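This report refers to the structure that appears directly beneath it.
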Amino acid sequence: MKILVPVKRVVDYNVKVRVKPDQTGVDLANVKMSMNPFCEIAVEEAIRLKEKGAAEEIVVVSIGPAQAQETIRTALAMGADRGIHITTDDAVESLGVAKLLAKVVEEESPELVILGKQAIDGDVNATGQMLAALLGWPQATFASEVEKTDDGYNVTREIDGGLQTIKVSSPAIITTDLRLNEPRYASLPNIMKAKRKPIDAKTPADFGVDIAPRLEALKVAEPAKREAGVKVESVAELVDKLKNEAGVI
Amino acid sequence: MTVLVIAEHDNASLNDATRAVITAAKGIGGDIHVLVGGEDCGPVIEIVKGLDGVTKVLHAESPALKNRLAEAMETLVLSIADGYDAILAAASTTGKNFMPRIAAKLDVMQISDITAVESADTFVRPIYAGNAMMTVKSNDAKKVITVRPTTFEKAGDGGSASVETIDAPAPAAASEFVSEELSKSDRPDLGSAKIVISGGRGMGNGENFAIIEKVADRLGAAVGASRAAVDAGFVPNDYQVGQTGKVVAPELYIAVGISGAIQHLAGMKDSKVIVAINKDEEAPIFSVADYGLVADLFTAVPEFEAELEKAGV
Ligand SMILES: Cc1cc2nc3c(=O)[nH]c(=O)nc-3n(C[C@H](O)[C@H](O)[C@H](O)COP(=O)(O)OP(=O)(O)OC[C@H]3O[C@@H](n4cnc5c(N)ncnc54)[C@H](O)[C@@H]3O)c2cc1C
Ligand SMILES: Nc1ncnc2c1ncn2[C@@H]1O[C@H](COP(=O)(O)O)[C@@H](O)[C@H]1O
């Protein structure tokens, strides 16, 4: 079995981004970039399935600028086998990404695609579900446990009320949630080995799909600032303030 | 202009988030229809047809819709999508699960998690864990939108919509429900509680959450947590507040032993009043707290409970 894992290069989760003064976007100059954390979890899950003998090959794919190649190398160093880099400097929306991925799926015929549930830059949470719909495949989103069965997967999902377990037949789409696994760090020898793993270079034009953006950003603004509060000296003062000043208890 | 709102429910009662989605739909304008798909979901129809602003309720019954799995919801909504200019659902785990499938099939880019409606085609949504608010104009003919329930008022009752029964087509691709393990609690729902008290890694273990629960029970509050507390197994996953968990905006949010990482702030910084109890006076949570108490939580929280009792709360 082959597993496809789409990975996105995003602003590192430790960075607090700043809005540009002209409100055209956020300032990404000299900001640390990393693999989207949910994509790391996706890569890790694919590697674990391979280690258990449930998969033979892991292909990672990233759509993004030249530097997205580093993100692919990171996944290869973790243990993926080869990469596909669809190079573009334009921001591609989830719908466009899903359309490109659907074409990659057509070419590669994986039996499973594992994506992150959400990219932490745009916070869209849609690509995996869109890809599933375009392919007509079942989906198991927000996975916290994946168990391979004879004809598919039993997946435990994190939902608002608790946990839900569903069964999906293969081929399927899975998207990862935080509790699925803890991604490994790549060892130095594996980082060296990853340099020799193949990465196929492509462009969106190779796939002949329309990925023009549908949403137009009119403005990117700072969120409302909270007024600085006060430090209280004691618990009694806190209760008094909550009761008599804020009136919330 | 006609807007379709997809109701969120458990076949017996309506999730309050749907009322917020209806308010967002009113901002877009036009007639509002609500789709209720489920199994034996008659009681939900009774509630929905009385919602203020709703003109028509569409009722679909099928065993395949019992748990509102994404594939079944996709075919159901697509079967009626032609008649609508905008399709809205809550940005809950249910809405986030099925709405992008509908958007993809309609060849539309979803507008996720909106916090404001500027006009029929322009919306505001948070990006980068709420560190930036983006105003987006959609150039798609149809809008597919998920709504952040905490930022819209909840539509009240007082309507009298007509009810139409529609067929539920067979799902496109099959996923099958196996089981559900829902957190049971007598406390209010985290997403709509007026007061929330959350614990973080500083709680040390799950048993220690008992001191938080005592306060919660006195205040009629819901209990939440940081990711670190959930990852460590102190509390279940559905307690997680934050960028990738639940977004809450209560009257009062009390953060106990939580440092205030941006991912956590993303889920609670729109609360009206924020209290932080943390022994580290440099903790970033204090930068958003209206009232900060620098103290060891293991003495401060029980004392808080005692003081509340003294104050007759
Ligand atoms: C992709 C991604 C998504 C994420 N999503 C979320 C999310 O949705 N929600 C979320 O919360 N986090 C999320 N995080 C994690 C986030 O980055 C932080 O790691 C997390 O919020 C930290 O939790 P914490 O504040 O409980 O723990 P810590 O940062 O370890 O803070 C513990 C605090 O407790 C205090 N403390 C310890 N002992 C005591 C005591 N006895 N008395 C008083 N105070 C004490 C300490 O001073 C410290 O400030 C996400 C991270 C990633 C990478
Ligand atoms: N540019 C991209 N390249 C590769 N994968 C992507 C890209 N954008 C999104 N994805 C995948 O889709 C997931 C969800 O992203 P989103 O729908 O944007 O929140 C990510 O975790 C990735 O697995």
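Since the model is a prediction, treat every value here as computed from it, not as a measurement.
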*Side-chain touch A:Arg214/B:Gln110, heavy atoms, less than 4.5 angstrom*: no

_Side chains of B:Asp238 and A:Glu158 in contact at under 4.5 Å (non-hydrogen atoms)_ = no

*Would you mind checking which part of A:Tyr13 comes under 4.5 Å of any heavy atom in chain B, side chain (CB onward), backbone (N, CA, C, O), both or neither?*
both

_I'd like to know if the side chain of A:Arg226 and the backbone of B:Ala289 have a donor-acceptor N/O pair within less than 3.5 Å._
no

*Results of side-chain hydrogen bond (donor to acceptor under 3.5 Å, both in side chains) for A:Lys103 - residues two or more places apart only*: none

*Might you point out which heavy atoms bring A:Gly162 and B:Leu182 nearest each other, and give the distance in Å?*
N-CD2, 4.2 Å

_Under 4.5 Å from any heavy atom of chain B - which part of A:Val11_ = side chain

*Minimum-distance pair of heavy atoms, taken over all atoms of B:Asn237 and A:Arg179*: CB-NH2, 4.0 Å

*Residues, nucleotides or ligands: over 12 heavy atoms within 6.0 Å of A:Lys219 NZ*: no

*So what's closer than 4.5 Å to chain A heavy atoms on B:Thr122: side chain, backbone, both or neither?*
side chain

*Can you say whether A:Ala98 sits under 4.5 Å from chain B via the side chain, the backbone, both, or neither, judging by heavy atoms?*
neither

*chain B-proximal positions within residues 238-249 of chain A [heavy-atom distance under 4.5 Å]*: A:Leu238, A:Val239, A:Lys241, A:Leu242, A:Lys243, A:Glu245, A:Ala246, A:Val248, A:Ile249

_Residue, of A:Val10, A:Val19, A:Val17, that accumulates the most heavy atom pairs under 4.5 Å with chain B_ = A:Val17

_If you count every heavy atom of other residues, nucleotides or ligands that lies below 6.0 Å from B:Lys246 atom NZ, does the total exceed 12?_
yes

*Please say whether more than 12 non-hydrogen atoms of neighbouring residues, nucleotides or ligands are located less than 6.0 Å from CD in A:Glu145.*
no

*Residue B:Val313 versus chain A: region with a heavy atom under 4.5 Å*: side chain

*asked:* Can you give me the closest heavy-atom contact between A:Gly122 and B:Ile127, atom names plus distance?
replied: O-CG2, 3.8 Å

*List the steps, then state whether side-chain contact (heavy atoms from CB on, under 4.5 Å) holds for A:Val230 with B:Asp290.*
CA-CA 6 Å; A:Val230 297; B:Asp290 299 280; over 6 Å; no

*For the pair B:Phe177 and A:Lys167, evaluate side-chain contact (heavy atoms from CB on, under 4.5 Å) and give the outcome as yes or no after the intermediate values.*
CA-CA 6 Å; B:Phe177 177 85; A:Lys167 209 188 255 200; over 6 Å; no

*Pairs of heavy atoms under 4.5 Å with chain A: top-ranked of B:Gly245, B:Ala266, B:Ser271*: B:Ser271

*Just how far is it from atom CD1 of A:Ile120 to atom CD1 of B:Ile262, taken to the nearest 0.5 Å?*
7.5 Å

*asked:* So B:Val294 and A:Glu233, do their side chains get closer than 4.5 Å, heavy atoms only?
replied: no

*What pair of heavy atoms forms the shortest contact from B:Gln243 to A:Asp123, and how long is it?*
NE2-OD1, 2.9 Å

*Sort out for me which of B:Gln263, B:Met99, B:Glu251 touches chain A most, counting heavy-atom pairs under 4.5 Å.*
B:Gln263

_Test item: B:Glu303 and A:Ser234 side chains (from C-beta on) under 4.5 Å apart, heavy atoms_ = no

*So which heavy atom on A:Pro223 is nearest to which on B:Gly130, and how close?*
CG-O, 3.2 Å

*Heavy atoms only, distances under 4.5 angstrom: which of A:Ile159, A:Val220, A:Asp121, A:Val168 has the most pairs with chain B? Name it, please.*
A:Asp121

*Where along residues 124-142 of chain A does a heavy atom come under 4.5 Å of chain B, listed by residue number?*
A:Val124, A:Asn125, A:Ala126, A:Gln129, A:Met130, A:Ala132, A:Ala133, A:Leu134, A:Gly136, A:Trp137, A:Pro138, A:Gln139, A:Thr141, A:Phe142

*Side chain, backbone, both or neither: which part of B:Lys194 has a heavy atom under 4.5 Å from chain A?*
neither

*Could you tell me which portion of A:Lys225 (side chain, backbone, both or neither) has an atom closer than 4.5 angstrom to a non-hydrogen atom of chain B?*
neither

*Using a cut-off of under 4.5 Å on heavy-atom pairs, state which of A:Ser144, A:Ala221, A:Ala236 scores highest against chain B.*
A:Ala221

*Picking from B:Lys105, B:Glu74, B:Arg125, B:Lys272, which has the most non-hydrogen pairs under 4.5 angstrom with chain A?*
B:Arg125

*chain A heavy atoms under 4.5 Å from B:Ala174: which part of the residue, side chain, backbone, both or neither?*
backbone

*asked:* Return the OG to CG distance between B:Ser183 and A:Leu163, rounded to the nearest 0.5 Å.
replied: 7.5 Å

*Assess whether atom NZ of B:Lys66 is packed by more than 12 heavy atoms of other residues, nucleotides or ligands within 6.0 Å.*
no

*Contacts of residues 22-31 of chain A with chain B (heavy atom under 4.5 Å)*: A:Val26, A:Leu28

_Contact origin within B:Phe286 toward chain A - heavy atom pairs under 4.5 Å_ = side chain

*Pick out which of B:Val108, B:Val144, B:Asp107 makes a side-chain contact (heavy atoms from CB on, under 4.5 Å) with A:Leu95.*
B:Asp107

*asked:* Between B:Arg227 and A:Leu178, is there a side-chain heavy-atom distance shorter than 4.5 Å?
replied: yes

*Would you say the side chain of A:Thr165 lies within less than 4.5 Å of the side chain of B:Glu180, judging by non-hydrogen atoms?*
no

_Region of B:Ala132 that comes under 4.5 Å of a non-hydrogen atom in chain A_ = both

_CA sep, side-chain torsions, deciding dist, call: B:Met109, A:Ser94, side-chain contact (heavy atoms from CB on, under 4.5 Å)_ = CA-CA 7 Å; B:Met109 177 57 196; A:Ser94 306; 3.8 Å; yes

_4.5 Å side-chain heavy-atom contact, A:Glu222 and B:Asn131_ = no

*Inter-residue atom distance B:Ile111.CD1 - A:Glu93.CD, 0.5 Å rounding*: 9.5 Å

*Supply the atom-to-atom distance A:Leu218 CG to B:Thr135 OG1, rounded to the nearest 0.5 angstrom.*
6.5 Å

*asked:* Any non-hydrogen side-chain atom of A:Arg157 less than 4.5 Å from a side-chain atom of B:Asn97?
replied: yes

*Would you say B:Lys137 has more than 12 foreign heavy atoms packed within less than 6.0 Å of its NZ?*
yes

*Decide if atom CD of A:Gln67 counts as having more than 12 heavy atoms of other residues, nucleotides or ligands within a radius under 6.0 Å.*
yes

*asked:* Can you give me the closest heavy-atom contact between B:Val136 and A:Ala217, atom names plus distance?
replied: CG1-CA, 4.3 Å

_Return the OG to CG distance between B:Ser138 and A:Leu215, rounded to the nearest 0.5 Å._
5.5 Å

*Geometric cation-pi criterion A:Lys231 and B:Tyr291, 6.0 Å radius, 45° cone*: no

*From A:Lys117 NZ over to B:Thr244 OG1, what is the distance, rounded to the nearest 0.5 angstrom?*
4.5 Å

